[in-house]
Visitor: 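Got a structure for you, written out below as structure tokens; questions coming shortly.
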Amino acid sequence: MTRQERAVRTREALIEAAAQLFDRDGYEVTSLAAVTAKAQVSAGALYFHFATKADLADAVTHAALSRLRRIIDARTATRTDGHGHGCGDEDGGGGAVAHTAGGAEGERVAGAGSPASGSSASGAGADAGGDRVGELQQLIDTTHLFVRGLSRDVVLRAGFGLDGAWGERPVGERAVEQGPVGRGAASRRVGGDRPPGRWPHVGGGLRGVWSGWVHEVLTVAGARGVLASGVSAGDAAVVVVAATVGFEVLGAQDPVWLAPDPLTGFWTLVLPALVPPPVREVLRAGGSTAAR
């Protein structure tokens with residue numbers, strides 16, 4: 001193993017150890033000594049990568065952001081051009097940027113309206129299904145991947161915990177929004193300059209990325225006429241973000257909230273109000289096969 005490879009592994013071990021301790025004990029209680037002990041590295045190795053605990057928390061936040069964006073991208077199966085021809089497969093690729101409304105316009109979810117997903121492909125379902133409702137099934141599937149990720153991935157969970165505790169940290173120690181992290185990094189901190197909470201950003205951070213993506217997907221669905229009459233994309237997004245972030249917050253205290261059933265129950269309850277019956281027939285509240 002080369003020196004560079006050892007450095008990368010050490011950094012990853014420190015981030016993983018810090019995430020476990022932040023998740024279990026909280027940011028304020030966790031000490032750097034506890035992190036080095038859990039990661040089984042020396043204090044010198046820690047300070048080589050991270051000058052302060054805030055820098056380490058920034059690294060956990062960025063790792064969680066990367067994993068969140070992989071979840072967002074994971075259900076994008078095919079990008080099509082203006083003529084409907086496939087332009088490449090992105091499933092599970094771990095893209096670095098959340099989709100914009102314009103980018104989502106040409107996307108569809110693999111299996112939506114197909115026998116593999118258990119959706120109807122005939123009658124009214126065929127008229128409303130397929131590509132036209134792809135964004136909605138993508139949204140449902142991604143919320144399931146999101147909640148499952150929170151249940152299984154301590155780095156993702158710790159990142160959201162740090163995001164939620166942002167207001168409790170001194171301005172000089174608040175997580176960076178983007179850019180490099182660690183010792184000597186010229187990072188842009190959100191601190192007192194954090195966005196004021198205007199929709200869809202809701203104050204920036206991981207929850208801002210998530211809520212913005214939900215808003216964009218529903219905006220595309222609304223533009224395609226998939227939502228029920230009188231339902232705006234903005235109102236629908238408020239409901240979905242409030243519920244999914246609620247599962248995230250409650251799941252930090254009781255893992256039962258991160259099980260599949262509560263989220264499936266939410267979608268079962270909401271879909272009749274969100275979309276007309278022909279569309280509802282081709283959607284799966286529990287997620288399509290690919291999301292399970």
Visitor: Any side-chain heavy atom of F266 sitting closer than 4.5 Å to one from L263?
Guide: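 Yes - at least one pair of side-chain heavy atoms lies under 4.5 Å apart.
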Visitor: Evaluate the side-chain proximity of V256 to L250: yes if any heavy-atom separation is below 4.5 Å, no if none is.
Guide: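 No, their side chains stay 4.5 Å or more apart.
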Visitor: Side chains of R11 and F48, heavy atoms from C-beta outward: is any pair under 4.5 Å?
Guide: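 Of all side-chain heavy-atom pairs linking F48 with R11, none is under 4.5 Å.
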Visitor: Quick check: closest heavy atoms across R284 and Q137, and the distance to 0.1 Å?
Guide: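 Looks like N-OE1, 2.8 Å.
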Visitor: If you round to the nearest 0.5 Å, how far is NE2 of H49 from CG of L14?
Guide: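 Taking CG in L14 and NE2 in H49, the distance rounds to 6.5 Å.
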Visitor: Using side-chain contact (heavy atoms from CB on, under 4.5 Å) as the criterion, list what pairs up with L258, not counting sequence neighbours.
Guide: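 If we apply the side-chain contact (heavy atoms from CB on, under 4.5 Å) test to L258, skipping adjacent residues, the hits are V147, L150, S151.
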Visitor: With sequence neighbours left out, write down each residue that passes side-chain contact (heavy atoms from CB on, under 4.5 Å) with A63, or none if nothing qualifies.
Guide: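 Applying side-chain contact (heavy atoms from CB on, under 4.5 Å) to A63 gives I15, V155.
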Visitor: Indicate the atoms forming the closest heavy-atom contact of A39 with A13, along with that distance.
Guide: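 Distance-wise, the nearest heavy atoms are CB-O, 3.8 Å.
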Visitor: Grouping I, L, V, M, F, W and Y whenever their side-chain heavy atoms are under 4.5 Å apart, do V214 and L269 come out in a common cluster?
Guide: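 In one cluster: no.
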Visitor: Is there a donor-acceptor contact under 3.5 Å linking the side chains of D141 and S288?
Guide: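 Their side chains do contain a donor-acceptor pair, which is all the 3.5 Å distance test asks for.
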Visitor: So, do I140 and H144 sit near enough that their side-chain heavy atoms are less than 4.5 Å apart?
Guide: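 Touching, per the 4.5 Å side-chain cut-off.
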Visitor: Closest heavy-atom contact between A228 and A273?
Guide: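 Here A228 and A273 meet closest at CB-O, 3.9 Å.
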Visitor: Restricting to pairs with a member in residues 259-271, which pass side-chain hydrogen bond (donor to acceptor under 3.5 Å, both in side chains), not counting sequence neighbours?
Guide: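 Non-adjacent pairs meeting side-chain hydrogen bond (donor to acceptor under 3.5 Å, both in side chains): T143-W267.
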Visitor: Output all residues satisfying ring-ring contact (aromatic ring centres under 6.0 Å, His included) with F146, sequence neighbours left out; order by chain, then residue number.
Guide: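 For F146 the ring-ring contact (aromatic ring centres under 6.0 Å, His included) partners, ignoring immediate neighbours, are F160, W210.
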Visitor: Between T2 and R6, is the side chain to side chain contact (heavy atoms under 4.5 Å, CB included) condition met? List the steps.
Guide: CA-CA 6 Å; T2 67; R6 285 196 299 271; over 6 Å; no
Visitor: Can you list everything that forms a side chain to side chain donor-acceptor pair (under 3.5 Å) with D235? Sequence neighbours excluded, please.
Guide: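 So D235 forms a side chain to side chain donor-acceptor pair (under 3.5 Å) with S232.
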Visitor: Looking at every heavy atom in both A158 and F22, which two are closest together, and how far apart are they?
Guide: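 In this case the closest contact between A158 and F22 is CB-CB, 4.5 Å.
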Visitor: Could you name each residue pair satisfying salt bridge (charged side-chain N to carboxylate O under 4.0 Å, His left out) that touches residues 146-157, not counting sequence neighbours?
Guide: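 Qualifying pairs, neighbours excluded: D23-R157, R67-D153.
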Visitor: Please identify each residue that fulfils side chain to side chain donor-acceptor pair (under 3.5 Å) with W257, with sequence neighbours left out.
Guide: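 Counting only residues at least two positions away or on another chain, W257 forms no side chain to side chain donor-acceptor pair (under 3.5 Å).
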Visitor: Suppose we screen for side-chain contact (heavy atoms from CB on, under 4.5 Å). Which residues come up paired with A37, at least two apart in sequence or across chains?
Guide: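 Checked A37 against side-chain contact (heavy atoms from CB on, under 4.5 Å); zero matches.
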Visitor: For the atom pair NZ (K53) and CG (L56), what is the distance rounded to the nearest 0.5 Å?
Guide: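 That separation rounds to 9.5 Å.
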Visitor: Tell me which one of V60, V35, V154, L21 satisfies side-chain contact (heavy atoms from CB on, under 4.5 Å) with E16.
Guide: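 Answer after filtering V60, V35, V154, L21: V154.
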Visitor: Taking atom OG of S66 and atom CG of L156, what is their separation to the nearest 0.5 Å?
Guide: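 So the OG of S66 and the CG of L156 are separated by 10.5 Å.
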Visitor: Is atom CD of E5 surrounded by more than 12 heavy atoms (other residues, nucleotides or ligands) closer than 6.0 Å?
Guide: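 For E5, atom CD is crowded (more than 12 foreign heavy atoms under 6.0 Å).
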Visitor: Is the count of non-hydrogen atoms from other residues, nucleotides or ligands lying under 6.0 Å from R9 atom CZ greater than 12?
Guide: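 No.
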Visitor: Evaluate the side-chain proximity of D55 to D58: yes if any heavy-atom separation is below 4.5 Å, no if none is.
Guide: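 D58 reaches D55 side chain to side chain.
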Visitor: Using 0.5 Å steps for rounding, measure from the CZ atom of R3 to the OG1 atom of T10.
Guide: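 R3 atom CZ to T10 atom OG1 measures 11.0 Å (nearest 0.5 Å).
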Visitor: Could I get the full list of side-chain contact (heavy atoms from CB on, under 4.5 Å) partners for T36, not counting sequence neighbours?
Guide: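 V41, L46.
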Visitor: Sort and list the pairs that fulfil salt bridge (charged side-chain N to carboxylate O under 4.0 Å, His left out) and have at least one residue in residues 32-46, not counting sequence neighbours.
Guide: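 Applying salt bridge (charged side-chain N to carboxylate O under 4.0 Å, His left out) to every pair that reaches into residues 32-46, excluding sequence neighbours, yields nothing.
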Visitor: Which pairs pass salt bridge (charged side-chain N to carboxylate O under 4.0 Å, His left out) with one or both residues in residues 246-260, sequence neighbours excluded?
Guide: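 For residues 246-260: R207-E248.
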Visitor: Any chance you could measure L206, atom CG, to D163, atom CG, to the nearest 0.5 Å?
Guide: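 Spacing of CG (L206) from CG (D163) equals 4.5 Å.
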Visitor: Would you mind reporting whether L136 and L218 have side-chain heavy atoms less than 4.5 Å apart?
Guide: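 Yes - at least one pair of side-chain heavy atoms lies under 4.5 Å apart.
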Visitor: Could you walk me through whether V279 and L271 pass side chain to side chain contact (heavy atoms under 4.5 Å, CB included), step by step?
Guide: CA-CA 9 Å; V279 175; L271 283 175; over 6 Å; no
Visitor: Which distance, rounded to the nearest 0.5 Å, do you find between the OG1 of T30 and the CD of Q20?
Guide: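 Between atom OG1 of T30 and atom CD of Q20 there are 11.0 Å.
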